[in-house]
Amino acid sequence: MFQLIIKFFALLLILNSTTTHAQKVGLVLSGGGARVLAHVGVIKALEEHDIPIDYITGTSAGAIVGSLYAMGLSPEEIAEFMLSEELERSARGIIDDSYAFYFNKPEPDAAWFRFRFNVDSIWDPALPTSLISPYVMDFITMRTLAGGNAVSGNNFDSLFIPFRCVAADIAQNTQVIFKDGDLPSAVRASMTYPLLFKPIIIDDMLLFDGGLYNNFPADVMQNEFAPDFSIGSNVSAVKPLPKQDDIMSHIINMVTTKTNFEMFCQDGVLINHENLPNVGITDFSKSAAIIDIGYQNTLKYVEEILQKTDRRISQEELNKRRKAFREKIPPLIFDDIQIDGLNKNQMFYVKSYLKLKKEPISVDDLEPMYYKLADNERISNIYPKAIFNEETQHYTLHLEVKEESRFSAAIGGLISSRPLNSGFFELAYHNLDRHPHNVKLNSYIGRFYSSLQLSSRFDLFYPWPIYFSPHFTVNQWDYFKSQTFFFEDIRPSYIIMNETNWGLDIGIAAGNKAKVVIDGRMGNSRDRYYHTNKFSRLDVPDISRLSFNTLSIKYEKNSLNRLQYYNKGHFFESSIRYVSAIEENIPGTTSPDKDVYSKDHEWFQLYLKYENFFYSKNNLHIGFLSELFLSNRKLMNNYTSTLLSAPAFSPIPEAQTLFLPRFRAFNYVAGGMRVVYNFIDNFDLRLENYIFQPYERILKNDDYTARFSEPFDKRYYMSSVAVVYNSPFGPVSMSLNHYDRNEDEFSFLFNIGYIFFNRKGIR
């Protein structure tokens, strides 16, 4: 009996010891950019063989995978997130086109580069701290991980899987280990690769990628959790040797220290994924393959891991625990907002922009408004946090906002194989206030086109977004100096157009992609020309003047992906304009008229334009353009003045620099197709073909006066074949263009930069 009692207590002791010292397993995830997708395959293989993961540590992009698993996401859910288009956009810093706020977009111009500065620091400029915009990454990280804080009370030990991540404090040259606080911020700091992503500040520390000092936090695993068995997954690539012309290789070698890839616990397995493809930090093009490689590599170690570990957790039990944890996460609904970094008036502007009212708002409803604010030229930086309120069971949106420098300068222009070369310069002042405003002065200087424009804009956001923009513009087009195509039977070779206009635009937002603009303008034009190309230096040109007042209302919707040479999206414009004008003609020596001519004009005009890339699959994009222009406008005093005042159809950039009489009319319908093939990143092959159908052509009489042809008697064609490189500063294009005419129907053009003009008084 006594021996039986002893055996019973011995059994209890053994059972108690086994329960108390149940074997714990830790998983260590290295950094490695897009190669960290292999970690997902590792987790998948471990779960399929019932191998538990009790602790997890990660660095850099490995912290992303680790935090998602610590939040209770399954390997399949992590893979779905890592393969999503949204994550790819965040890695490239690209805000979804659907969130772009067209109301904020300025008039297009020929700028290549823009610089922001303050007057007190103009001689002490600060270089950009990142190549990739962080706004998408910041928001996605907050949206995905903020719920973990709500459940864990900001304690990473209380997540579904206890978690640690590592960042780098470059001021102290040391690693920073996160075990509590704001989970999204900790992960964001851990993956802040120098130059690519903007660093963030936590507890007064400017933090960068943890891989700078510790790219494989096995020591963190041992010191923080002391597991019985550790599994390491190493996806880091070999550090490149510095190259003379590769600045990134210089920085990597200067700021990163050698990482120890040894397991620090007494027992463990290290999985080195040496067969991964060599992809860039933000290149997710081979994600699915990388996940599978990680999975296959782990299967090679499964038998060893099973032999060295005796504890198992079934898929059923794991999913049950995961579901219980995820059900505790409150939905991301905001009922309050806090803003740091701005004064009272600036905070009013931000709150008006976000449209946060007394009613709670979901994260999905907040998202488009957040990206509107992030895309605002007056905002230098914005960082979001979601702070859970135990009392309300909702979140407070905490925004750290920094005002952009108030002054900006821009340079750009056009370099062309034809004499169209021009320089563009702009100086602007931007004010962030309760009702922000800006003032801009720009200038184009060139042989063909010169201009000076002074404009301002005042924004209001109550009860809806609206702006007021007064402007003053002086334009000149010199077709003689541009050496464009001239034909004696079509038009004279000397044409110089001058115009001055001033007015006020009132813009009203009509959703994310559209706006309504009411504009009133007045001005005058002064055109000089000869009626024939046979003239001498002693001849005096005709001068036609037009003094005008005009009022219009326009609806415009735009989702095109580029300013010029776009290949995605659509554009729609509908406008009606009233014009009252006085025409005056002073005859020159080539004119049969001898008396000054003056006449009052009054007309209405309707303009419709619709562009749409309706097909976009793989690298092929197909779209169309259509235009309709109607007016009750009468003929001017002579043929040339009539043509100069007629609207032109110019669907390809070069056509905007040519005086093409056959593509001008007071009433016309036009359209065509565009086929764009993207054969290499940012390289497009464009094929375009258009038809122009005037209702009545403008014809020349023997005495140089004008007359209308019979309705619909002729139509004309225009086409273009172009290769375009869409560079960071603007398009580089080489095109062969065809214009339907009697001779010299083809033109070749090489351009670097945009072809844009400041606003005209009348279309």
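None of the values given here were measured: they were computed from a predicted structure. What's counted below: heavy atoms across the whole structure, side chains too, no hydrogens, waters or symmetry copies.
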Query raised in the report: Is a side-chain donor or acceptor of Tyr395 paired with a backbone partner of Pro330 at a separation under 3.5 angstrom?
Result: yes
Query raised in the report: Does CG belonging to Asp203 count more than 12 external heavy atoms closer than 6.0 Å?
Result: no
Query raised in the report: Charged N to carboxylate O under 4.0 angstrom, Arg562 versus Asp684?
Result: yes
Requested in this report: Might you work through the side chain to side chain donor-acceptor pair (under 3.5 Å) test for Tyr295 and Glu48, ending with a clear yes or no?
Outcome: CA-CA 11 Å; Tyr295 176 79; Glu48 285 182 358; 2.6 Å; yes
Query raised in the report: Got more than 12 heavy atoms from elsewhere within 6.0 Å of CD, Glu80?
Result: no
Query raised in the report: Is it true that a side-chain atom of His39 and a backbone atom of Gly294 form a donor plus acceptor pair closer than 3.5 Å?
Result: no
Query - Single hit among Leu46, Ile53, Val28 for side chain to side chain contact (heavy atoms under 4.5 Å, CB included) with Ile231 - result: Leu46
Requested in this report: Could you go through the side-chain contact (heavy atoms from CB on, under 4.5 Å) check for Phe388 and Asn149 one step at a time?
Outcome: CA-CA 7 Å; Phe388 185 65; Asn149 287 341; 6.0 Å; no
Report task. Please examine the side chains of Tyr371 and Val136, heavy atoms only from C-beta on, and report whether any two atoms are closer than 4.5 Å. Result -> yes
Query raised in the report: If you measure from CG on Leu29 to CD1 on Ile56, what distance do you get to the nearest 0.5 Å?
Result: 4.5 Å
Report task. Work out which heavy atom in Leu560 is nearest to a heavy atom in Phe571; give both atom names and the distance. Result -> CD1-CB, 3.7 Å
Report task. State whether the side chain of Ser190 and the backbone N or O of Val166 hold a donor-acceptor pair below 3.5 Å, judged by distance alone. Result -> yes
Query raised in the report: Is Asp138 paired with Lys385 through a side-chain N to carboxylate O contact shorter than 4.0 Å?
Result: no
Query raised in the report: Going from CG on Asn389 to CG on Asp336, what distance comes out if it is rounded to the nearest 0.5 angstrom?
Result: 8.5 Å
Query raised in the report: Would you find a donor on one side and an acceptor on the other, under 3.5 Å apart, between the side chain of Gln23 and the backbone of Lys308?
Result: yes
Query raised in the report: How about Arg188 and Lys198: do any of their side-chain heavy atoms sit closer than 4.5 Å?
Result: yes
Query - Asn619 side, atom CG; Leu685 side, atom CG - distance, nearest 0.5 Å - result: 12.0 Å
Query raised in the report: With a 4.5 Å limit on heavy-atom distance, are the side chains of Pro194 and Leu212 in contact?
Result: yes
Query raised in the report: Could you walk me through whether Asp209 and Ser60 pass the side chain to side chain donor-acceptor pair (under 3.5 Å) check?
Result: CA-CA 6 Å; Asp209 194 297; Ser60 188; 2.6 Å; yes
Query raised in the report: Ile78 and Val65: which non-hydrogen atoms are nearest, and at how many Å?
Result: CD1-O, 4.2 Å
Query raised in the report: With a 4.5 Å heavy-atom cut-off, do Pro217 and Arg164 have their side chains touching?
Result: no
Query - Stepwise salt bridge (Lys or Arg N to Asp or Glu O under 4.0 Å) check, Arg89 with Glu85 - result: CA-CA 6 Å; Arg89 285 199 307 270; Glu85 183 181 342; 3.4 Å; yes
Query raised in the report: Any idea how Phe679 and Phe683 line up, ring-wise: parallel (<30°), tilted (30 to 60°), or perpendicular (>60°)?
Result: tilted
Query raised in the report: Is the closest basic N to carboxylate O distance between Asp228 and Arg311 below 4.0 Å?
Result: no
Query raised in the report: Salt bridge between Arg322 and Glu77, side-chain N to carboxylate O under 4.0 Å?
Result: no
Report task. Would you please test Ile361 and Met369 for side-chain contact (heavy atoms from CB on, under 4.5 Å) and show each step? Result -> CA-CA 11 Å; Ile361 182 173; Met369 294 182 285; 3.2 Å; yes
Requested in this report: Report, as yes or no, whether the 6.0 Å neighbourhood of atom CD on Glu304 holds more than 12 heavy atoms from other residues, nucleotides or ligands.
Outcome: yes
Query raised in the report: Could you give the distance from NZ (Lys513) to NZ (Lys557), rounded to the nearest 0.5 Å?
Result: 9.5 Å
Query raised in the report: Under 3.5 Å, is there a donor-acceptor pair between the side chain of Ser67 and the main chain of Ile64?
Result: yes
Report task. Using atom types as modelled and distance alone, determine if a side-chain donor or acceptor of Thr59 lies under 3.5 Å from a backbone N or O of Asn214. Result -> yes
Requested in this report: Report yes if some heavy atom in the side chain of Pro384 is under 4.5 Å from a heavy atom in the side chain of Tyr370; otherwise report no.
Outcome: yes
**Report entry** Ring centroid separation Phe156 to Phe178 under 6.0 Å
**Finding:** no
Requested in this report: State, to 0.1 Å, how close Leu332 and Met142 come at their nearest heavy-atom pair, and which atoms those are.
Outcome: CD2-O, 4.4 Å
Query - side-chain contact (heavy atoms from CB on, under 4.5 Å) evaluation trace for Leu27 with Tyr69 - result: CA-CA 11 Å; Leu27 178 62; Tyr69 193 68; 5.7 Å; no
Query raised in the report: Heavy-atom distance under 4.5 Å between the side chains of Lys179 and Cys165, does that happen here?
Result: no
Query - Ion pair check, Glu317 and Arg321, cut-off under 4.0 Å - result: no
Query raised in the report: Passes side-chain contact (heavy atoms from CB on, under 4.5 Å), Tyr55 versus Glu224? Steps please.
Result: CA-CA 10 Å; Tyr55 313 110; Glu224 291 288 321; over 6 Å; no
Query - Heavy-atom side-chain contact between Tyr383 and Ser185 under 4.5 Å - result: yes
Report summary line: So OG of Ser158 and CZ of Phe163: to nearest 0.5 Å the spacing works out to 14.5 Å
Report summary line: Output for pair (Asn234 CG, Asn215 CG), nearest 0.5 Å, gives 7.5 Å
Requested in this report: Check for a donor-acceptor pair, side chain of Glu47 on one end and backbone N or O of Gln315 on the other, with a separation under 3.5 Å.
Outcome: no
Report task. State, without any angle test, whether Asn567 and Asn678 hold a side-chain donor-acceptor pair at a distance under 3.5 Å. Result -> no
Report summary line: Closest non-hydrogen atoms of Pro368 and Asn512, given as atom of the first, atom of the second and distance, are CB-ND2, 4.4 Å
Query raised in the report: Does Lys105 pair with Asp375 as a salt bridge, N-O distance under 4.0 Å?
Result: yes
Query raised in the report: Can you find a heavy atom in the side chain of Leu373 that is under 4.5 Å from one in the side chain of Phe101?
Result: no
Report summary line: Note: Val36 and Met82 closest approach over all heavy atoms is CG2-CE, 4.3 Å
Requested in this report: Could you pull out the closest heavy-atom pair between Asp54 and Lys24, with the gap in Å?
Outcome: OD2-CA, 3.4 Å
Query raised in the report: Is the Phe160 ring parallel, tilted or perpendicular to the Phe325 ring (thresholds 30°, 60°)?
Result: tilted
**Report entry** Short side-chain to backbone donor-acceptor contact, Asn155 and Asp157, under 3.5 Å
**Finding:** yes
